[in-house]
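Structure, as structure tokens:
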Number of protein chains: 2
Amino acid sequence: MNSNDLLKSHGLRVTAQRSLIINIFQDFGYAVSNKDILDKLPKDFDRVTLYRTLKSFEDKGLLHVIPDPEGEAKYALCNHDHTHAHGHDHSHAHFKCTQCHKVICLPDHHEPQVKIPSGYTLDKVIALATGTCDQCS
Amino acid sequence: MNSNDLLKSHGLRVTAQRSLIINIFQDFGYAVSNKDILDKLPKDFDRVTLYRTLKSFEDKGLLHVIPDPEGEAKYALCNHDHTHAHGHDHSHAHFKCTQCHKVICLPDHHEPQVKIPSGYTLDKVIALATGTCDQCS
DNA sequence: CTGTGTGCAAACACTTTGCAGGTGT
DNA sequence: ACACCTGCAAAGTGTTTGCACACAG
């Protein structure tokens, strides 16, 4: 989907800055940090706009945040259609390659499994796996 | 184990500030953020000392860091003996209760499982599960 | 036209660094 | 005695807020 349609379908206005940011996400193809994006943006791009843009993208479910144990949080576009009626909060797993440091979002059928003690109920699981990706092994 | 022995056994010097911080961790009994600790410390406690203390505790393996998707990173004492010869980096799962917001560190036999695509090799997995704990359900 | 988005400046919050003096072993 | 730890000040970095103007719908 192109950037304009992505924006419209999430109830966001189409502006040059937003399209730019979406294109950068798509070019990367994997999860990136705030800084990664800023580096690809024209050097006079306003930092505040980036903060606000990422926040509204997140609010509207256009992207999601991946916490990274050793490093800053990463953002990724939600291509896998999060429009289930019952909320956008299903389990998710991400994979970080220790060689190339890329973070990818694993497909939904690779949902993480965790056993929890009795008396507890499980809602969702967010997992970050590390290892070597197919390119680097 | 008392705070002094914990410090000594990790090659750290025993000081009033460090014992204080360890006691706070033990009082909480679950994973807490930098701010949680600071709030329990005397109001004139130096923030810089806390930063440095947490860092050296982490370096020495006395505590570990839990990334939190919605919130700041949390720290937890490593009671389950991380002194395997082959590094402290095994998989770990943590559980955050959506009611009371406590974060606990799940026992080692609850290691998270993730299936990864072929061509990839898996090193370790860090998982954060959310749901309801036994106290809140 | 109206509400949203942008850019700038400034405020704010968080973290790190340098250094002098204090403390544990 | 020596290395490590602490506290203060200051610098550095990252993030948020307020406001005036621009722009998409």
Side-chain angles (χ1 to χ4, degrees), chain A residues 1-25 31-75, chain B residues 1-25 31-75:
Chain A
M1 207 190 297
N2 71 45
S3 49
N4 291 14
D5 293 342
L6 258 184
L7 286 168
K8 281 179 195 158
S9 66
H10 286 82
L12 291 157
R13 292 196 176 168
V14 177
T15 69
Q17 293 86 336
R18 290 177 171 186
S19 302
L20 233 183
I21 290 174
I22 291 187
N23 288 334
I24 290 172
F25 269 112
V32 291
S33 67
N34 185 310
K35 192 173 178 310
D36 293 330
I37 300 162
L38 195 63
D39 289 344
K40 294 286 179 184
L41 251 9
K43 58 183 176 313
D44 61 335
F45 194 99
D46 187 27
R47 226 170 190 309
V48 177
T49 300
L50 178 57
Y51 283 121
R52 287 196 273 225
T53 303
L54 292 179
K55 179 162 296 184
S56 35
F57 283 9
E58 197 194 335
D59 289 346
K60 294 294 164 64
L62 208 167
L63 54 74
H64 60 163
V65 182
I66 307 170
D68 185 331
E70 58 271 329
E72 323 117 292
K74 302 243 185 321
Y75 301 87
Chain B
M1 204 189 302
N2 70 45
S3 50
N4 291 14
D5 293 341
L6 258 184
L7 286 167
K8 282 180 193 156
S9 66
H10 286 83
L12 290 157
R13 291 195 176 167
V14 177
T15 69
Q17 293 85 335
R18 291 178 172 185
S19 302
L20 233 183
I21 290 174
I22 291 187
N23 288 335
I24 290 173
F25 269 110
V32 292
S33 67
N34 185 309
K35 190 170 178 313
D36 293 331
I37 300 162
L38 196 63
D39 289 345
K40 294 286 178 184
L41 250 10
K43 59 185 175 313
D44 62 335
F45 194 98
D46 187 25
R47 227 171 191 310
V48 177
T49 300
L50 178 57
Y51 283 122
R52 286 196 273 227
T53 303
L54 292 179
K55 180 162 295 185
S56 37
F57 282 9
E58 197 193 336
D59 289 347
K60 294 292 164 63
L62 208 167
L63 55 75
H64 61 161
V65 183
I66 305 171
D68 185 333
E70 58 270 329
E72 324 116 289
K74 301 241 183 324
Y75 300 87

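For the numbers below, each heavy atom of this structure counts, side chains included, while hydrogens, waters and symmetry mates do not. Numbered from 1 within each chain, the chains take letters A, B, ... in sequence-line order.
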Open item on the list: Can you tell me how far apart CZ (A:F57) and CD1 (A:I22) are? Round to the nearest 0.5 Å.
Closed with: 4.0 Å
TODO: Identify the residue among A:I21, A:V32, A:I24 that makes a side chain to side chain contact (heavy atoms under 4.5 Å, CB included) with A:K40.
DONE: A:I24
Task: Sugar-phosphate only, base, or nothing, as touched by A:V48 at under 4.0 Å among non-hydrogen atoms - done: base
Task: Side chain of A:L12 - closest among D:dC8, C:dG5, C:dG7 - done: C:dG5
TODO: Give, for atom OG1 of B:T53 and atom CZ of B:F45, the distance between the pair rounded to the nearest 0.5 Å.
DONE: 5.5 Å
Open item on the list: Judged by each residue's nearest nucleotide on DNA chain D, which is more toward the 5′ side, B:F45 or B:R13?
Closed with: B:R13
Open item on the list: Just the rounded figure in Å: distance from C1' of C:dT6 to CZ of A:F57.
Closed with: 13 Å
Task: Separation of C:dT15 C1' from B:D46 CG (nearest whole Å) - done: 12 Å
Open item on the list: Quick check on D:dA24: is either OP1 or OP2 less than 4.0 Å from any side-chain nitrogen or oxygen of A:T15?
Closed with: no
Task: Pairwise side-chain contact, B:L20 with B:P42, heavy-atom cut-off 4.5 Å (strictly under) - done: yes
Task: Residue whose nearest DNA chain D nucleotide is more 5′ - A:N34 or A:R52 - done: A:N34
Open item on the list: Working to the nearest 0.5 angstrom, can you tell me the gap between A:L54 CG and A:L38 CG?
Closed with: 10.0 Å
TODO: Rounded to the nearest angstrom, tell me the gap between atom CG in A:L41 and atom C1' in C:dG7.
DONE: 14 Å
Task: Heavy-atom donor-acceptor pair, A:D59 side chain to A:S56 backbone, under 3.5 Å - done: no
Task: A:K60 or A:D44, whichever maps to the more 5' nucleotide of DNA chain C - done: A:K60
- [ ] Whole angstrom is fine here: how far is it from CG in A:D59 over to P in D:dT16?
- [x] 12 Å
TODO: Using a cut-off of strictly less than 4.0 Å, decide whether B:T53 has a side-chain nitrogen or oxygen near OP1 or OP2 of D:dT6.
DONE: yes
TODO: Using a cut-off of strictly less than 4.0 Å, decide whether B:R18 has a side-chain nitrogen or oxygen near OP1 or OP2 of D:dC5.
DONE: yes
TODO: Check whether any side-chain nitrogen or oxygen of B:Y51 sits under 4.0 Å from OP1 or OP2 of C:dT15, and answer yes or no.
DONE: yes
TODO: Mind calculating the distance between CG (B:D39) and P (C:dC14) to the nearest angstrom?
DONE: 11 Å
Task: Contact under 4.0 Å: A:K35 side-chain N or O vs D:dG14 OP1/OP2 - done: no
- [ ] To the nearest 0.5 angstrom, please state how far the OG atom of B:S3 sits from the CG atom of B:L12.
- [x] 12.0 Å
Task: Atom-to-atom span, CG of B:L50 to P of D:dC5 - whole angstrom - done: 15 Å
Open item on the list: Nearest whole Å is fine: how far is C:dA9 P from A:R47 CZ?
Closed with: 16 Å
- [ ] Starting from P on C:dT16, measure out to CG on B:L54 and report it in whole angstrom.
- [x] 11 Å
TODO: Report yes if at least one side-chain N or O of B:K8 is closer than 4.0 Å to OP1 or OP2 of C:dG24; otherwise report no.
DONE: no
TODO: Taking all heavy atoms of A:K60 and all of A:G11, pick out the closest pair and write down the distance.
DONE: NZ-O, 3.8 Å
- [ ] Respond yes when some side-chain nitrogen or oxygen of A:Q17 is under 4.0 Å from OP1 or OP2 of C:dG7, and no when none is.
- [x] yes
Open item on the list: Over the length of the helix from C:dC1-D:dG25 to C:dT25-D:dA1, how much do the five-pair end axes diverge, rounded to 10 degrees?
Closed with: 40°
